[in-house]
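Written below as structure tokens is the structure these notes are about.
What you see is a predicted model, and the numbers here were worked out from it, not measured in a lab. Atoms within each ligand, like the ligands themselves, are counted from 1 in listed order.
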Amino acid sequence: MANPSLLILAGDGIGPEVMAEVKKIIAWMGARRGVTFEVTEDLVGGSAYDKHGVPLHDDTMAKAQEVDAVLLGAVGGPKYDTLDFSVKPERGLLRLRKEMDLFSNLRPAQCFDALADFSSLKKEVVSGLDIMIVRELTSGVYFGEPRGIFTEGNERVGINTQRYTESEIARVARSAFELARKRANKVCSMEKANVMESGILWREVVQEVHDKEYPDVALSHMYADNGAMQLVRWPKQFDVIVTDNLFGDILSDCAAMLTGSLGMLPSASLGAPMANGRPKALYEPVHGSAPDIAGQGKANPIACILSFAMALRYSFDLGEDAARVERAVEQVLADGHRTADLMGPDGGTPISTSQMGDAIIAALDAIL
Ligand code: NAD
């Protein structure tokens with residue numbers, strides 16, 4: 001069988017720095033676990049613009065469609081802030097998401113015990129937290145037509161349209177139910193069915209998909225505003241949360257803060273299954289290119305490393321190896337290793353990006 005294939009798009013700012021640490025894990029997988037990835041590297045974002053005048057070259061897009069998974073670092077930076085909207089670094093990422101039709105965005109919020117003090121919430125509220133937010137990513141109010149700023153009479157109106165088809169709701173619901181079956185088997189669907197017709201349809205379709213295809217999964221529904229309150233009141237009541245693009249954007253950021261640092265948060269965006277049964281997939285840390293610390297060896301590589309762990313689990317069926325990487329991260333944190341973003345108010349000496357990567361490799365060796 002062909003080796004699993006990976007396209008690495010390290011991007012801009014700290015992207016290449018954190019990706020260098022993922023490459024150490026990829027090499028470790030080959031040397032110690034006998035899993036060799038066919039790795040191709042290419043440009044995205046500002047670095048692609050510098051070379052090609054576009055934030056994603058057509059050839060790169062074609063490669064992304066062929067591989068088993070894409071792993072992305074981060075895009076953007078002040079150098080590109082004044083570019084035309086159509087060639088801004090972020091457009092490269094949006095093009096990938098759109099053309100690969102990555103409709104299901106998985107954002108885990110997991111609190112490592114060693115970092116529980118970092119959360120703005122009480123330790124007992126977040127310690128051991130492990131929830132997954134599934135956000136619909138390719139439809140809803142960010143894409144619906146009509147949209148724009150128009151003039152009506154003597155004033156301007158800004159218009160965006162929330163629009164969901166049954167099939168768009170059903171496919172993201174399925175991905176949430178499938179995930180729940182591999183976790184604690186619970187899904188909470190969030191919308192605003194009390195005030196939005198699209199919310200009424202969302203609730204109906206999620207319920208129908210559940211009753212017909214996933215009756216074994218516990219399903220509940222919640223209004224999204226209550227969901228936001230519940231997330232900070234007692235987040236451990238949730239397992240998988242499924243919600244639309246707009247509410248998902250907000251709720252996943254809210255859940256992210258439960259865990260402490262942006263440098264710890266991975267994500268996956270999944271699409272329909274390809275011919276080999278694997279879903280189209282893009283894995284990336286939640287954080288951006290962090291221009292304020294780029295090139296200084298200060299970035300925390302854990303979000304990117306945990307994104308690769310998600311690739312092992314969801315694209316390559318290597319759940320045990322994914323768990324190993326997560327355990328290694330937990331061990332390194334428990335041993336007190338901290339990049340600068342994880343230093344508490346008491347200070348201490350932070351380790352560098354590459355020292356963190358090396359510590360995780362050492363922990364992987366020890367676990368094996
Ligand atoms: P950011 O996530 O880059 O940084 C926010 C803050 O968090 C900064 O202080 C940064 O130093 C810190 N930070 C982020 N990641 C870190 C890590 N791994 N380790 C340690 N500290 C980390 O967000 P921003 O400053 O709003 O945006 C910077 C650039 O990144 C902008 O051009 C923005 O458009 C882009 N951006 C890209 C993505 C993406 O590629 N998916 C996401 C968000 C922002």
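The contact set between ligand 1 and Glu284, taken as ligand atoms under 4.0 Å from a residue heavy atom, comprises 41 (N). Close contacts of ligand 1 with Ala74, meaning ligand atoms under 4.0 Å from a residue heavy atom, involve 40 (O). Interface of Ile14 with ligand 1, defined as ligand atoms under 4.0 Å from a residue heavy atom, comprises 15 (N), 16 (C), 17 (C), 18 (N). Atoms of ligand 1 lying under 4.0 Å from at least one heavy atom of Leu262, given by number and element, are 2 (O), 5 (C), 7 (O). The ligand atoms of ligand 1 that sit less than 4.0 angstrom from a heavy atom of Ala299 are 19 (N). Heavy-atom contacts of Glu90 reach the following atoms of ligand 1: 32 (O), 33 (C), 34 (O), 35 (C) (cutoff under 4.0 Å). Which parts of ligand 1 touch Gly263 is read off a 4.0 Å heavy-atom cut-off, strictly below it: atoms 17 (C), 18 (N). For ligand 1, the atoms closer than 4.0 angstrom to any heavy atom of Gly76 are 32 (O).
In this structure, atom 9 (O) of ligand 1 has a protein heavy-atom contact shorter than 4.0 Å. The nearest protein heavy atom to atom 26 (O) of ligand 1 is not closer than 4.0 Å.
A salt bridge does not link Lys182 with Asp239: every distance from a Lys NZ or Arg NE/NH1/NH2 to an Asp or Glu carboxylate oxygen is 4.0 Å or more. In summary, Lys79 and Asp12 do not engage in a salt bridge, as defined by a charged side-chain N under 4.0 Å from a carboxylate O. Checked for salt-bridge contact, Asp253 and Arg107 meet the test: a charged N lies under 4.0 Å from a carboxylate O.
The closest approach between any non-hydrogen atom of Val18 and ligand 1 is not below 4.0 Å. For the pair Ser289 and ligand 1, a heavy-atom separation below 4.0 Å is found.
What sits closest to atom 28 (C) of ligand 1 on the protein, heavy atoms only, is Pro291 CD, 3.4 Å. In terms of protein heavy-atom proximity, atom 37 (C) of ligand 1 is nearest to Val75 O, 3.1 Å. Among protein heavy atoms, atom 43 (C) of ligand 1 sits closest to Gly288 CA, 3.6 Å. Counting only heavy atoms of the protein, atom 11 (O) of ligand 1 lies nearest to Asp292 OD1, 2.8 Å. Here the protein heavy atom with the shortest distance to atom 14 (C) of ligand 1 is His287 CB, 3.6 Å.
Atom 21 (N) of ligand 1 has its nearest heavy-atom neighbour, among Leu94, Val286, Leu72, Ile293, in Ile293. Of the candidates Gly77, Ala290, Gly15, it is Ala290 that places a heavy atom closest to atom 12 (C) of ligand 1. Within the set Asn300, Thr339, Thr353, the minimum heavy-atom distance to atom 17 (C) of ligand 1 is found for Asn300.
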Verdict with supporting geometry, Tyr142 and Asp249, side-chain hydrogen bond (donor to acceptor under 3.5 Å, both in side chains): CA-CA 11 Å; Tyr142 292 161; Asp249 197 358; 2.8 Å; yes

side-chain hydrogen bond (donor to acceptor under 3.5 Å, both in side chains) between Gln355 and Thr353, worked out: CA-CA 6 Å; Gln355 285 170 326; Thr353 309; over 6 Å; no

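Side-chain contact between Arg156 and Thr151: present, with at least one pair of heavy atoms (C-beta onward) separated by less than 4.5 Å. Contact annotation: the side chain of Phe238 approaches that of Met190 to within less than 4.5 Å [non-hydrogen atoms, C-beta and beyond]. Residues Asp101 and Lys280 are not in side-chain contact: their nearest non-hydrogen atoms beyond the backbone lie 4.5 Å or more apart.
Atom CZ of Arg163 sits in a sparse spot, with 12 or fewer heavy atoms from other residues, nucleotides or ligands closer than 6.0 Å.
Clustering ILVMFWY residues whenever any of their side-chain heavy atoms sit less than 4.5 angstrom apart, transitively, puts Leu306 in a cluster other than the one holding Val18.
Residues Leu7, Val44, Leu56, Met61, Val67, Val70, Leu72, Val75, Leu93, Leu96, Met100, Leu102, Leu282 make up the rest of the hydrophobic cluster containing Leu9, defined by ILVMFWY side-chain heavy atoms closer than 4.5 Å, directly or through other members.
A parallel orientation is assigned to the rings of Phe177 and Tyr214, their planes being inclined by less than 30° (bins at 30° and 60°).
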